[in-house]
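Notes follow the structure.
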Amino acid sequence: MRTDYCGELTPEDEGREVSVCGWVDRRREHGEKLAFIDLRDHTGVVQCVVDEKHDLRSEYVVRITGTIVVRPEGMENAFLDTGGIELRDCEVEILNRAEAPPFPMHSRQDVDETVRLRYRYVDMRRERMQRNLRYRALVQSAVRGAMEDQGFTEIETPLLIASTPEGARDFVVPSRQKPGEFYALPQSPQIFKQLCMVGGMDRYYQIAKCLRDEDLRADRQFEFAQLDAEASFVGQEEVIEFISYAISSATDAVRGVWPEEMPMMSWIDAMEYYGTDKPDTRFDMTLIELTPLFEGTEANVFKTECVKGITVDGGADEVGRNRIDELTEMCKRWGAKGLAWFRVGEDLVLDGGLTKFMTDDEQAGLIHMMGAKQGDLLLLQSGDRHLVRDVLGRLRLEIGKPPIDEGLAFLWVVDFPMFESINDNGDPVAAHHPFTMPHPDDVDYLVRGGGESLLKIRSQAYDLVLNGWELGSGSVRIHDPEIQKSVFAALGFSEEEAEDKFGFLLDAFRYGAPPHAGFAFGIDRLTALLLGEENIREVIAFPKTQSGSDPLTNAPTPIDDRHLTELGLRTLPPAE
RNA sequence: GGUCCUGUGGUGCAGUUUGGAGUGCACGCCGCCCUGUCAAGGCGGAGGUCGCGAGUUCAAAUCUCGUCAGGACCGCCA
């Protein structure tokens with residue numbers, strides 16, 4: 001049926017009779033005896049000269065047979081890859097007619113996303129989705145290749161698994177054979193990959209679909225793909241090497257450049273200097289510690305646990321009063337009391353409502369510590385340390401964040417704490433999952449009811465960040481059942497609870513578990529960022545909307561009563 | 001659960017602040033003309049419950065309330 005692809009024809013094909021198949025991209029008619037038909041397939045577009053009567057319309061599916069001719073001088077189209085040639089003496093065979101597409105096929109204007117998703121099969125023909133989905137495939141293949149190179153074996157893990165109460169909300173599947181009982185869809189293959197390590201598979205990987213029933217965002221869908229990996233007899237350093245290699249291969253496949261070595265930063269530095277555990281290191285504007293400067297100050301605003309500030313270069317003029325008010329409102333929404341600001345004027349004189357409460361030394365010290373120069377704007381937060389970091393971190397992004405497609409800044413964040421806080425029952429809240437190995441120097445703090453000292457425990461957990469997005473995370477796992485028991489105990493699980501939820505894992509660890517460590521990163525997020533897309537829906541063939549529905553298939557849909565009965569289910573009227 | 005933004009022929013927008021006849025622009029679509037165009041060109045035409053529902057008003061795309069859909073974000077996502 002087809003001898004060649006449209007986009008691959010060149011002047012070297014001159015004289016060949018070829019058959020190409022595809023969709024009518026555009027037609028330019030010059031009376032009954034001459035028409036130019038641009039025929040499009042997934043490789044590109046080629047101009048076909050049709051000089052007989054025909055009835056071709058946009059998006060008709062056709063096969064065109066003709067002879068390749070180098071275009072006459074002056075008729076070339078420099079904007080088209082095949083612009084040097086055309087098909088002559090064309091015979092047109094209409095394989096299928098088509099209605100006019102519901103939106104323009106060219107990418108020069110944005111189209112409402114609901115309409116694109118409703119007609120995704122048409123949208124997919126357009127350049128953007130063709131490019132994105134093909135690059136996504138390149139990412140996956142590069143990642144697979146990199147893992148295979150490093151001795152990893154692909155193993156599939158089940159989709160229908162037991163529900164675990166930890167972590168995100170599970171998607172649940174009713175059991176027909178055991179009415180009233182349910183499977184859960186995996187939030188990640190975490191437990192299975194650890195079992196593979198006990199099973200002597202040595203190095204496992206999988207591009208796994210994971211499902212979490214939590215609200216959707218630009219970087220979150222119900223279901224997403226991750227490169228999931230685990231290796232035996234290795235620690236953090238090796239895992240970071242494995243994953244860096246896979247990520248670099250993917251970056252090379254898409255961007256054509258192998259990234260420089262990926263820098264590392266401790267979790268505590270990320271929090272203190274960037275106010276977040278996923279810093280966007282493409283720009284500076286770091287959080288500067290000012291607490292010592294205001295020790296013993298008379299200014300009430302700064303009589304707090306922590307004072308930090310950021311410097312906006314040239315912000316004194318660029319950031320107007322209205323904008324400052326706007327930023328202040330944002331800070332309040334984020335939980336702050338307000339926003340302290342100072343403009344640095346001529347001779348480094350500070351201008352701002354709070355200067356009258358500050359001594360000359362404090363003002364001079366502020367300028368010095370902030371590294372400020374004339375024309376800068378200084379923004380300060382004071383209060384509880386967690387809040388100061390958080391608010392300033394958000395403010396920093398609000399003011400300085402570059403467009404998502406500008407540059408690539410990978411960053412490994414290491415030395416996460418084991419527990420992120422103590423809840424109202426006095427139990428610690430795990431920062432990562434409860435199979436994470438504590439830092440060897442900190443194991444002694446790991447006691448039930450340890451209170452605040454538990455927060456000092458570092459874990460051997462690490463994240464990979466790209467342009468301020470969390471790409472993925474991993475850890476060295478606990479392989480010693482005794483340590484695992486004390487972590488469960490510290491978390492406030494009773495022996496029975498631990499046995500009930502994870503007994504099979506603890507059992508497995510008794511039969512010779514090797515030391516092991518692993519990682520997982522999101523394929524959707526990586527692909528989106530590599531392609532400069534700010535939304536993972538753009539790299540997913542059939543994504544859901546923010547409210548979790550699919551405009552194409554209308555999922556989710558009700559199921560009929562007979563089906564419900566078979567599953568032993570009954571629906572309740574919607575809650576008030 | 002919450003905050004904010006958007007909804008106007010098939011598509012993208014303007015019109016809404018300050019109420020006065022479905023008004024306009026670009027693309028697309030349909031018909032006719034056109035033998036070298038390539039985002040072809042020329043002439044003509046069709047196409048609308050201004051998301052939906054209530055309210056205010058002599059009068060609502062425009063103001064108010066509610067609701068639905070989409071999006072960004074907060075919460076949530078071990």
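- The existence of a salt bridge linking A:R128 and A:E538 is confirmed by a sub-4.0 Å separation between a basic side-chain nitrogen and an acidic carboxylate oxygen.
- Distance from the side chain of A:S188 is smallest to B:A78 among B:G71, B:A78, B:U35.
- Considering only side-chain atoms of A:R394, the nucleotide from B:C38, B:A72, B:C74 that sits closest is B:C74.
- Residues A:F192 and A:Y204 place their aromatic rings such that the two centres sit no closer than 6.0 Å.
- A:E76 comes within 4.0 angstrom of a nucleotide base, judged by non-hydrogen atoms across all strands.
- Look at CG on A:L117: it is 10 Å from C1' on B:G70, rounded to the nearest Å.
- In this model, the phosphate group of B:G70 is approached by a side-chain N or O of A:S549 to a distance below 4.0 Å at OP1 or OP2.
- Contact annotation for A:D51: no contact, since no heavy-atom pair falls under 4.0 Å across all strands.
- Side-chain N/O atoms of A:N535 include one lying less than 4.0 angstrom from OP1 or OP2 on B:A72.
- Note on A:P551: nothing from the nucleic acid sits closer than 4.0 angstrom, heavy atoms only.
- We find that NZ of A:K53 is positioned 16 Å from C1' of B:U35, with the value rounded to whole Å.
- For the OP1/OP2 pair of B:U11 and a distance below 4.0 Å, the side-chain nitrogens and oxygens of A:R108 include no atom meeting the criterion.
- Judged by centroid separation below 5.5 Å and plane tilt below 30°, A:F103 does not stack onto the base of B:U11.
- Residue A:T164 is classed as having no contact, given no heavy-atom separation below 4.0 Å to the nucleic acid.
- When heavy atoms are screened at a 4.0 angstrom cut-off, A:A35 is found touching no nucleic acid atom at all.
- Between the side chain of A:E29 and the base of B:U37, no donor-acceptor pair under 3.5 Å is found.
- Taking atom C1' in both B:C13 and B:U6, one finds a spacing of 13 Å when rounded to whole Å.
- Across the strands present, B:C13 finds its partner in B:G24; the criterion is a Watson-Crick or G-U wobble pair with both atom distances under 3.5 angstrom.
- Distance noted for atom P between B:A40 and B:G47: 26 Å (whole Å).
- If you check B:C76, B:C29, B:A78 against the side chain of A:P434, the one that comes closest is B:A78.
- For the pair A:K401 and A:F283, the NZ or CZ position fails the cation-pi test of under 6.0 Å to the six-membered ring centre and within 45 degrees of the ring normal.
- Comparing B:G36, B:A78, B:C76 by their nearest atom to the side chain of A:P72 picks out B:G36.
- Comment: A:E533 engages A:R131 in a salt bridge, judged by a side-chain N to carboxylate O separation of less than 4.0 angstrom.
- With the nearest nucleotide of RNA chain B identified for both A:H432 and A:G548, A:G548 has the one nearer the 5' end.
- Take the nearest nucleotide of RNA chain B for A:W334 and for A:Q187: the residue whose nucleotide is more 5' is A:W334.
- A:Y462 and A:D415 share no donor-acceptor pair across their side chains, judged by distance under 3.5 Å alone.
- In this model, the phosphate group of B:C74 is approached by a side-chain N or O of A:R217 to a distance below 4.0 Å at OP1 or OP2.
- Nucleotide B:A39 holds its C1' atom 12 Å from the CG atom of A:L80, rounded to whole Å.
- As rounded to the nearest Å, B:A21 and B:A61 have C1' atoms that lie 13 Å from one another.
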Worked verdict on A:R525 versus A:E470 for salt bridge (Lys or Arg N to Asp or Glu O under 4.0 Å) = CA-CA 8 Å; A:R525 288 182 183 179; A:E470 182 191 318; 5.2 Å; no
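- Taking 4.0 angstrom as the limit, A:Q109 places none of its side-chain polar atoms (N or O) nearer than this to OP1 or OP2 of B:C27.
- Contacts of A:E86 with the nucleic acid, taken as non-hydrogen atoms under 4.0 Å apart, include base atoms.
- For B:A40, one of the phosphate oxygens OP1 or OP2 lies less than 4.0 angstrom from a side-chain nitrogen or oxygen of A:R26.
- Taking side-chain N and O atoms only, A:R126 has no distance below 4.0 Å to OP1 or OP2 of B:U11.
- Residue A:R28 places none of its side-chain N or O atoms closer than 4.0 Å to OP1 or OP2 of B:U37.
- Residue A:E32 is out of contact with every strand shown, counting any heavy-atom pair closer than 4.0 Å.
- Both tests do not hold together for A:R477 against A:F509: distance to the six-membered ring centre under 6.0 Å, angle to the ring axis within 45°.
- Among the atoms of the strands shown, only primed sugar atoms or phosphate atoms (P, OP1, OP2) are found under 4.0 Å from some heavy atom of A:R27.
- For the P atoms, the distance linking B:G71 with B:A39 amounts to 34 Å, nearest Å.
- When ring centroids are compared, A:W412 and A:F521 stay outside the 6.0 Å threshold.
- The phosphate of B:A69 (OP1 or OP2) has no side-chain N or O of A:T114 nearer than 4.0 angstrom.
- Side-chain atoms of A:R220 come within donor-acceptor range of the base of B:C77, with a qualifying N/O pair under 3.5 Å.
- Atom CD in A:E214 sits roughly 13 Å away from atom C1' in B:G1 (whole-Å rounding).
- Using Watson-Crick or G-U wobble geometry with both donor-acceptor distances under 3.5 Å, B:C34 finds no partner in any strand shown.
- Using P as the reference atom, B:G15 and B:G24 are 16 Å apart when rounded to the nearest Å.
- When rounded to the nearest whole Å, the span between CD of A:E113 and P of B:U11 equals 15 Å.
- Across B:C38, B:U35, B:C77, the shortest atom-to-atom separation from the side chain of A:N77 is found for B:C38.
- Listed candidates were B:U37, B:G71, B:C74. Nearest to the side chain of A:R537 is B:G71.
- Considering only the side chain of A:D215, B:G75 comes nearest among B:A78, B:G75, B:C27.
- For the pair A:M105 CE and B:G10 P, the interatomic distance rounds to 19 Å; values are reported in whole Å.
- Comparing B:G48 with B:G7, their C1' atoms sit 15 Å apart, to the nearest whole Å.
- Between the C1' atoms of B:C68 and B:G51, the separation comes to 8 Å (whole Å).
- Taking atom CG of A:L454 as the reference point, atom P of B:A78 lies 21 Å away to the nearest angstrom.
- Regarding A:Y119, its OH atom lies at a distance of 8 Å from the P atom of B:U11, rounded to whole Å.
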For A:E86 and A:R88, run salt bridge (Lys or Arg N to Asp or Glu O under 4.0 Å): C-alpha distance rounded to whole Å, both residues' side-chain angles, the deciding distance at 0.1 Å, then the answer.
-> CA-CA 6 Å; A:E86 61 191 13; A:R88 286 275 183 83; 2.7 Å; yes
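- For A:R71, counting side-chain heavy atoms from C-beta on, the closest listed nucleotide (B:U37, B:C74, B:A78) is B:U37.
- Residue A:M75 places its side chain closer to B:U37 than to any other of B:C77, B:U37, B:U11.
- Salt bridge A:D442/A:R458: present, at least one basic N to carboxylate O contact under 4.0 Å.
- Annotation: B:G66 and B:C5 have their P atoms spaced 14 Å apart (nearest Å).
- One finds no side-chain N or O of A:T545 lying less than 4.0 angstrom from the OP1 or OP2 phosphate oxygen of B:A69.
- Closest to the A:H433 side chain, of the nucleotides B:A78, B:U37, B:C34, is B:A78.
- OP1 or OP2 of B:G31 has at least one side-chain nitrogen or oxygen of A:R57 nearer than 4.0 Å.
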